[in-house]
Amino acid sequence: MLDEPKYDVKQDQIRNVIISIPVGKVATYGQIAKLAGLAGYARYVGYVLKNLPNETGLPWHRVINAQGRLSFKPGSERYKVQYQKLLFEGITLTNGRINLKKHQWQY
DNA sequence: CACAGGGCCGTTA
DNA sequence: CTAACGGCCCTGT
């Protein structure tokens, strides 16, 4: 019989990309999917991050949507957490938005 | 199998 | 600027 992967390869690739996002930089869902060789998997990236364990080790906070906004409801707990983490890394928001020209991970 | 929904995206109005 | 669509991929019911 064929050995089927015990873990999800796609998720692994996505995680791999997210881990390599440098401090002080951010990446969009679509960008990550593309770098992982999975163009079009933006929503899937969101799905993966959604059910991450609390202590994950992944810099999920450096992942934002294409509009430079945090994909959480402003004011919600999770929004605050992500905001704090970003701020701690020197990433600031202007009118609830991040300047992608300046902070987006260039590769 | 059908359908809804999610930490999305780009285009169009 | 907001809103609506269609497209993309996967999971849960």
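Here is the naming used below: chain letters follow the sequence lines, and residue numbers restart at 1 for every chain. Note that these values count all heavy atoms, side chains included, but never hydrogens, waters or copies made by symmetry.
Pairing of C/dC8, defined by two Watson-Crick or G-U wobble distances under 3.5 Å, is not identified with any nucleotide.
Between A/Gln13 atom CD and C/dC10 atom P there is a gap of 13 Å when expressed in whole angstrom units. In this entry the distance linking CG of A/Asp12 with C1' of C/dC10 reads 17 Å, nearest Å. For the pair A/Lys80 NZ and B/dG7 P, the interatomic distance rounds to 19 Å; values are reported in whole Å. The separation between A/Ile32 atom CD1 and B/dC9 atom P is 9 Å, rounded to whole Å. The CD1-C1' distance, from A/Ile18 to B/dC8, rounds to 13 Å in whole Å. Whole-Å rounding puts the A/Ile14 CD1 to B/dC8 P distance at 14 Å. Here the C1' atom of nucleotide C/dG7 and the NZ atom of A/Lys34 are 17 Å apart, to the nearest Å.
For the pair A/Leu87/A/Thr92, a side-chain contact is recorded, criterion being any heavy-atom separation below 4.5 Å from C-beta on. In this structure, the side chains of A/Thr56 and A/Leu49 stay at 4.5 Å or more apart for every pair of heavy atoms. Contact check for A/Val48 versus A/Asp8: no side-chain heavy atoms found under the 4.5 Å cut-off.
Environment of NZ in A/Lys34: sparse, with no more than 12 heavy atoms of neighbouring residues, nucleotides or ligands closer than 6.0 Å.
Of the side-chain N and O atoms in A/Lys10, none sit less than 4.0 angstrom from OP1 or OP2 of C/dC9.
Across all non-hydrogen atoms, the minimal contact from A/Ile21 to A/Arg62 is O-NH1, 2.7 Å. Nearest heavy atom pair, residue A/Ala27 against residue A/Trp105, reads CB-CE3, 4.4 Å. Minimum heavy-atom separation, A/Ser20 to A/Val17: OG-O, 2.7 Å.
Residue A/Tyr29 is in base contact, counting any heavy-atom pair closer than 4.0 Å across all strands shown.
Taking atom P on both nucleotides, B/dG7 is separated from C/dC5 by 22 Å, rounded to a whole Å.
Within residues 43-75 of chain A, the residues that have a heavy atom under 4.0 Å from DNA chain C are, in order of number, A/Arg43, A/Tyr44, A/Tyr47.
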